[in-house]
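First comes the structure, then the notes that go with it.
Note that the coordinates shown come from a computational prediction; the quantities given were computed from them, not determined experimentally. Reckoned from all heavy atoms, side chains included, excluding hydrogens, waters and symmetry mates.
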Amino acid sequence: MGRAIGIDLGTTNSLVAHVDARNRPQVIAADEGRPLLPSAVHYGADGVIEVGAAARRRAPERPVDTILSVKRFMGRGPGDIRPEDRGISRFDESGTLVRLVVAGGARVVTPIEVSAEVLRVLKRRAAEALGGPPGGCVITVPAYFDDAQRQATKDAGRLAGLDVLRLLNEPTAAALAYGLDKQVQGTFAVYDLGGGTFDISILRLDHGVFEVLATGGDTHLGGDDLDRVVARRLLESGLTPPAATPSPAVLRGAMAAARNVREALTTEPAVDADVELPEGHRLHARLTRGELEALVQPVIERTTGPCRDALRAAGMAGVDGVVLVGGTTRTPAVRRHVRALFGREPLVDLDPDTVVALGAAVQADALDRGGREDVLLLDVIPLSLGVEMMGGVVEKLVLRNSTIPASASQQFTTYADGQTGMVIHVVQGERELARDGRSLARFTLKGIPPMPAGVARVEITYAVDADGILQVAARELATGLEQAIQVKPTYGLGEEEIEAMLIESIEHAEADVTERFLREWRVEAERLLAALDSAFQVDGELLSAAERSAIEERLAGLRFAMSGDDSLAVKAWIETVDGATRVFAERRMDKHVRKAMAGHRVDEFAGEPRTTRPESDEEH
């Protein structure tokens, strides 16, 4: 087995990291040479699946077939779909879990399958960087993910062919990376505002012991929500021609424009948005930083309640420092809010985009080969786990913010005379009634001896492992009759579904890889052809007729190879065309450099003062 890896499976972007030979965590470049892999998956009508930046580029033109921010739907059912989500994506609501209709209506996929596509790319990139398949992995999840969402994440990892050693809460991973890097001690708040989720965790760091005291958050709050209010403003003020009900394509394009505007206003006082949208629409609007902050402030304020609740649950009035996690925390208004909320200048010297993946890599290394014996993680369960009793009330067995692994047992009795079975309804949440919590599972303990009501004794035990996944056991004490299950939430994939998908992926692995390479080289060839066509139109006079003819012959060979099924042939012809056009590229560069330097001196471009001798007329 290879080295273990850590994966930050994010709403907007995902990353993979490992611990190198010097025992230092390093992020692996994931997409087009960048460490951030956009968590975007495009399902083409021809069956081709694209992941990452290529998929995100397709979002404006194919919004329904391009899935962004799927993390919001992990472990969720149709009842959790929000109106704004329906404006962009199409859903199949016939089942108990979220299913998205893609590929021009020809395919239905679950969030687990979409996430698995992202994880497969990260796994492949790790294999390329490490020289072989990775070993186990640690995948991070929002601290406030419930059991269903955690199980869905593990299912996605398994579907991607990963050996998931553990799920690790994102704030804990960030604190792990930060604490080891800075050797800090004390109490810290980890404020994690990503693309689609918000987490707040209060931790105590003491000589290698990372103890989570309390967590809170909102799994439907993040940068997407900031972009949504900005997009609404842009559409209201700058869409031509106006549209009372913008189509999914227009909405997706407006969301992309809003994200660019928000990111640009991090450093600029004002930004002009001028974007061509699908269906003949154009978006042209100007937004200042002050206007942006007024728009997003109500969204940012929604983080205040969870932060105060977490401090209260930890029994603390303040903290020694605040660690920022997630790209959205780069927004100046967010940082000001954090400063005012905690009375501390937030710590920003570590990259908020990569710190979670680095912490996950450290934990993966420790679990895989004992890489960090000086580190002890004491995480907590985000929501209470209970059982429904008669009348629909919930008896909580494992309380929120209990340190995990955790277990608890309690005895219950029968309600009616002669009762021979007992339904165990597992519920998660803080409400007192089962109907207000999230139903995780139901099973029946059968074979209880018929006795008068209240005589039988049934002991129910809840055990939560280090991933936050629950196992439930029920035992009738008089007979020893027992039944135990690992809770498989309603919104996860069934064992048969996962097994079928895994078998299918193995059976078609070789063909899939071959087809993928062919598709990738065809795309590269198409880009090369388009670039050369543009270059010929602008600078075609730089080539003689014979030179142009030689290049055209090689382009014809490339086009012929693209029509076939040999990926290596396409690759070889791309290299041939590159070689044939190298002189043309050099001439173009010389031409444009001369044009740029016309009327200027060389030292102007060097950016250094002239101190050697005075200028003479002969130098012009």
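Contact of the Val334 side chain with the Leu193 side chain is registered, since non-hydrogen atoms from C-beta on lie closer than 4.5 Å. For the pair Arg233 and Val230, the minimum side-chain heavy-atom distance is 4.5 Å or more. At least one side-chain heavy atom of Arg475 sits less than 4.5 Å from a side-chain heavy atom of Leu477. With a 4.5 Å cut-off on side-chain heavy atoms, Val387 and Val394 do not count as touching. A 4.5 Å side-chain heavy-atom check between Leu9 and Thr140 finds every atom pair outside the cut-off. Gln26 is not listed as a side-chain neighbour of Ile28, based on a closest heavy-atom distance of 4.5 Å or more. A 4.5 Å side-chain heavy-atom check between Val70 and Leu68 finds every atom pair outside the cut-off. The closest side-chain heavy-atom distance from Val164 to Cys137 is below 4.5 Å.
Of all non-hydrogen atoms in Leu440 and Ala148, the two that sit nearest each other are CD2-N, 4.2 Å. Nearest heavy atoms, Leu165 versus Ala364: CD1-O, 4.1 Å.
Judged by distance alone, with hydrogens and angles left aside, the side-chain atoms of Thr153 form a donor-acceptor pair with the main-chain N or O of Gln149 at under 3.5 Å. Side-chain N or O atoms of Thr331 include one that pairs as donor or acceptor with a backbone N or O of Thr328 at under 3.5 Å. In this structure a side-chain-to-backbone donor-acceptor pair under 3.5 Å is missing from Arg125 to Ala29. Side-chain atoms of Asp80 come within 3.5 Å of backbone atoms of Gly77 as a donor-acceptor pair (strictly under, hydrogens ignored). Judged purely by atom type and a 3.5 angstrom limit, Thr444 has no side-chain atom pairing as donor or acceptor with the backbone of Val423. Using modelled atom types, no side-chain atom of Asp192 and backbone atom of Phe198 make a donor-acceptor pair closer than 3.5 Å. Looking only at distances, no side-chain donor or acceptor of Asn169 sits under 3.5 Å from a matching main-chain atom of Pro171. In terms of modelled atom types and a separation under 3.5 Å, the side chain of Lys123 and the main chain of Gly161 share a donor-acceptor contact. At distances below 3.5 Å, at least one donor-acceptor pair connects side-chain atoms of Arg3 with backbone N or O atoms of Val19. Formation of a donor-acceptor pair under 3.5 Å by the Arg457 side chain with backbone atoms of Thr413 is not found in this model.
Side-chain contact annotation: Gln410 with Glu395, donor-acceptor N/O pair under 3.5 Å present. Checking Ser39 against Asn13 by side-chain atom types alone, no donor-acceptor pair falls below 3.5 Å. Between the side chains of Ser407 and Tyr462, no donor-acceptor pair of N or O atoms lies under 3.5 Å.
Heavy atoms of other residues, nucleotides or ligands lying less than 6.0 angstrom from CZ of Arg339 number more than 12. In the displayed structure, Arg302 atom CZ is contacted under 6.0 Å by more than 12 heavy atoms of other residues, nucleotides or ligands. Atom CZ of Arg204 has 12 or fewer neighbouring heavy atoms from other residues, nucleotides or ligands inside a 6.0 Å radius.
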Stepwise salt bridge (Lys or Arg N to Asp or Glu O under 4.0 Å) check, Arg99 with Glu93:
CA-CA 7 Å; Arg99 294 180 184 271; Glu93 300 184 42; over 6 Å; no
Between Val229 and Val299, does a side-chain contact (heavy atoms from CB on, under 4.5 Å) hold up when you go through it step by step?
CA-CA 9 Å; Val229 297; Val299 180; 4.2 Å; yes
What verdict does the side-chain contact (heavy atoms from CB on, under 4.5 Å) test give for Leu213 and Met316, after you've listed the backbone C-alpha separation in whole Å, the side-chain angles of each residue and the deciding distance to 0.1 Å?
CA-CA 10 Å; Leu213 303 177; Met316 305 177 66; 3.8 Å; yes
Phe342 vs Phe188, test: ring pair (Phe, Tyr, Trp, His ring centres under 6.0 Å). Steps then yes/no.
CA-CA 10 Å; Phe342 291 96; Phe188 289 82; over 10 Å; no
Quick one, Thr304 with Leu341, criterion side-chain contact (heavy atoms from CB on, under 4.5 Å). Give me CA distance, side-chain angles, the key distance, then yes/no.
CA-CA 7 Å; Thr304 301; Leu341 185 59; 3.8 Å; yes
CA sep, side-chain torsions, deciding dist, call: Arg82, Asp225, salt bridge (Lys or Arg N to Asp or Glu O under 4.0 Å):
CA-CA 12 Å; Arg82 302 187 299 176; Asp225 297 279; 3.7 Å; yes
Show your working on side-chain contact (heavy atoms from CB on, under 4.5 Å) between Ile7 and Leu162 and close with a plain yes or no.
CA-CA 11 Å; Ile7 292 177; Leu162 290 165; 3.9 Å; yes
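In this structure, Asp218 CG and Asp199 CG are separated by 9.5 Å, a value rounded to the nearest 0.5 Å. Put simply, CG on Leu36 and OG1 on Thr354 are 8.0 Å apart, with the number rounded to the nearest 0.5 Å. Going from atom CG of Leu470 over to atom CG of Asp465 covers 8.5 Å, rounded to the nearest 0.5 Å. To the nearest 0.5 Å, atoms CD (Glu476) and OG1 (Thr414) are separated by 9.0 Å. Expressed to the nearest 0.5 Å, how far CG of Leu295 lies from CZ of Arg262 amounts to 12.0 Å. Atom CD1 in Ile460 sits 5.0 Å away from atom CZ in Phe412 (nearest 0.5 Å).
We find that Arg158 and Asp155 are not joined by a salt bridge, their nearest charged nitrogen and carboxylate oxygen being 4.0 Å or further apart. The residues Arg330 and Glu263 are annotated as not salt-bridged, no charged nitrogen and carboxylate oxygen being separated by less than 4.0 angstrom. By the 4.0 Å N-to-carboxylate-O rule, Asp224 lies close enough to Arg72 to be salt-bridged with it. A salt bridge does not link Asp309 with Arg400: none of the charged nitrogens is closer than 4.0 Å to a carboxylate oxygen. Here Lys71 pairs with Glu170 in a salt bridge; the nearest charged N to carboxylate O distance falls below 4.0 Å.
Taking the salt bridge (charged side-chain N to carboxylate O under 4.0 Å, His left out) definition, one finds that Glu268 meets it with nothing, sequence neighbours left out.
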